[in-house]
Novice: 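Once you've had a glance at the structure underneath, I'll fire off some questions.
Atoms within each ligand, like the ligands themselves, are counted from 1 in listed order. Residue indices begin at 1 and follow the sequence shown.
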Amino acid sequence: MKLNSTVLKRIWSYSKLVQTHVTMNEMCYFSSQKNQNNLLVLTNGSQFLIREFKIRFSHRIKELDALPYGLNQQKDIIKVRNWYIKSFQDLCDFETHSIAYKELKRVTQLLPKSPEKITLEENNKYYNPTEELIEEGRKNSLINFNRSLLNLFYKLRERHQTTVINVAKGLLKWKTNDLIINSNNIYNDKNIFLIKKHLDNFYFHRIGIKILLDHHISLLETEFSKEAIVNNMYDYNDEKYVGIVCTNTDIPKLAKQAIENAQYIVKHHYDLLETPPVELILVNNTNKVPFVYIPAHLIHVLFEILKNALRAIVEFKLSKEPNNKYIEFDIPNETVKVIISYGKEDIVLKICDKGGGIPRSMLKYITTYLYTTMPQSVQENLLLKPPNNEINEESLSVNTPMAGLGYGLALSTLYAKYFGGNLKVMSVEGYGTDVYLYLKRH
Ligand SMILES: Nc1ncnc2c1ncn2[C@@H]1O[C@H](COP(=O)(O)OP(=O)(O)OP(=O)(O)O)[C@@H](O)[C@H]1O
C-alpha cells in the first residue's frame, strides 16, 4: 500500500490524542430522548464518531506497528494495519469531500469550522444535543448526512470483519516459522506473555471500536426504518433495545441459545447421535433489577465456554472408546452444569464439566492466543477456508468451526472485562473444569 507522508503525519498526530471512554449509560442516552430530538442526538453522535474513530484507528495502527519479534512484519498483520490506514483515510475524505457533510455544516451551527480543532473537553460526550427542535429544512440535511455516513460505516464494518482471522494467521505463521527455522527460538514463555499483552491491548480496544460502530449503525437503521414504518402506520416500539444494548437482558434465554448452538456444533463436528446434556440452574433469582448488557457478547462468550466443555467431555469419552459414534452420555456424570447466580454486585455464571480438565502447567497458557490442543493441521485448514467461512468472533453461525485457533477463551475474557466483568478458569486434572464468568451490574 502506497502511503503519502501527509496521511502518515495525520495518523501520527491523531495517535497522540486520547480516546474518549464511552459508558454503557452514555450509549443508552439515546433512549431517554424524545422523538423529535432523535435525529439531532444521532447527528451529534455521528460527528463525534468520525473524529473518535480516527483517533482509535490511529492507535490500532501504532499498536500493530509495535508488535514485537518480527510479528509486525507478517504479511497478514500488515494487511490488517493497512485496513486501518484505509479506514482512517476514508473518514478524512468523508469530512473533506462528502456533499452531505458540507451541506450539514452549511445548515447547522453544530460543528466548529474545522472538526480537527475540537478539543477533548468540547467533545467528551458521546451525545450532547445543543438544540431542542430541528426545522424541516435542516432535517433533510441531517438525514442525508447520516445516511451517507451509515454507508461509510457499513463499508468500514465489512472491511475489518476478518481482522481476528488475519491476525491469527500472522501469529500462526510466525509461530511455525520460528519453531522450524529459528535456532534461538523466540517462542518462549517471556515472549509468549509479551505478545499476549500486546494482543490483549489491541483486541480490547478493537472490541470498543466494534461496539461503537455496531451500536451507531443499529441506532441509525432504527431511526431510518422508524421513518419508513411511521409512514406506513406501523406500530414501532421495542424499548428493551437501544442499538445493540438490551436494557433488560434475559440471561437464561441467552444461555439456552448458546447451549443449543454449542450442542449443534459438537454434534456435527464429532458426527454424534447425541451430545452431552446441559443443565441450566438459576439461584438467587430474586434480584429483579434489570440487567443492561450487550446480548451478542454474552451469547458469544457462553457459546465459547460451552463448546470447550462439550468438546472436552466428548474427547475424554472418545479417548476411552475411540471411533464410537453411538456413545451414550451418562446423565449424572456427564451433564454440563450452567449455574446462574444473581448477586448484587455481579451476575455470576459457573459452567462445570467433567471432561478431564486441563493440566496445571498448561492453565497459564490458555489465554495466550497461542495455546490449543487442536492439531496444527486443523488450525492450518481453518486458515485456508474461503472468506464466507471465515471465523468471525461475533458470528454465532453453525458453520463456526469447532475449535482450533486457541482464541476462544482469550477473546471471551476481554469481552467479559470490557464492561467490568471477568472470566476465570479452574481445573482438576483428570476430572473436569469450572469456568466462572462474572458480569458486573451497572
Ligand atoms: N472445559 C475445558 N476442558 C478441557 N480443556 C479445555 C476446556 N476449555 C478450554 N480447554 C483447553 O484450552 C484450549 C484453548 O481453548 P480456547 O477456547 O481458547 O481455544 P480453542 O477451543 O482451542 O480454539 P478456538 O479459538 O476455536 O476457540 C483448548 O484447545 C483446550 O485444550
Novice: Could you tell me, atom by atom, which parts of ligand 1 come under 4.0 Å of a heavy atom of Glu304?
Specialist: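 Listed by number with element, the hits are 27 (O).
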
Novice: Under 3.5 Å between some N or O of ligand 1 and some N or O of Gly357?
Specialist: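 No.
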
Novice: Side-chain polar contacts of residues 433-441 - donor-acceptor pairs under 3.5 angstrom, sequence neighbours left out - could you list them?
Specialist:
{"unit_1": "Arg441", "atom_1": "NE", "unit_2": "Gly343", "atom_2": "O", "d": "2.7"}
{"unit_1": "Arg441", "atom_1": "NH1", "unit_2": "Val289", "atom_2": "O", "d": "3.2"}

Novice: Would you call Lys155 and Glu158 a salt bridge, taking side-chain N to carboxylate O under 4.0 Å as the test?
Specialist: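 The answer is no: the pair does not qualify as a salt bridge.
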
Novice: Nearest heavy atom to atom 5 (N) of ligand 1 wins, so pick from Ile358, Ile366, Asp434.
Specialist: Ile358

Novice: Is Met362 near ligand 1, meaning one of its heavy atoms is under 4.0 Å from it?
Specialist: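 False for this residue.
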
Novice: Using heavy-atom distances only, which candidate in Thr433, Asn308, Thr372, Ile305 approaches atom 22 (O) of ligand 1 most closely?
Specialist: Thr372

Novice: So does Arg51 pair up with Glu95, basic N to acidic O under 4.0 Å?
Specialist: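 No, this pair does not count.
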
Novice: Less than 3.5 Å between some nitrogen or oxygen of Gly406 and one of ligand 1, yes or no?
Specialist: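 N/O-N/O distance below 3.5 Å exists for this pair.
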
Novice: Any chance the rings of Tyr407 and Tyr369 have centres within less than 6.0 Å?
Specialist: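 Aromatic pair counts; centres sit under 6.0 Å.
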
Novice: Within this structure, what is the CD1-NE2 distance for the pair Ile211 and His297, rounded to the nearest 0.5 Å?
Specialist: 4.0 Å

Novice: Closer than 4.0 angstrom, basic N to acidic O: yes or no for Asp353 and Lys337?
Specialist: no

Novice: How does Asp353 reach ligand 1, by side chain, by backbone, by both or by neither, if only non-hydrogen atoms under 4.0 Å count?
Specialist: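 It is the side chain that gets close, since no backbone atom is under 4.0 Å.
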
Novice: State whether the shortest distance between N or O atoms of Gly355 and N or O atoms of ligand 1 falls below 3.5 angstrom.
Specialist: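 Between Gly355 and ligand 1 (N or O atoms, distance only) the closest approach is not under 3.5 Å.
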
Novice: Which of the atoms in ligand 1, numbered in the order shown and given with their element, are less than 4.0 Å from a heavy-atom of Thr373?
Specialist: 28 (C), 29 (O), 30 (C), 31 (O)

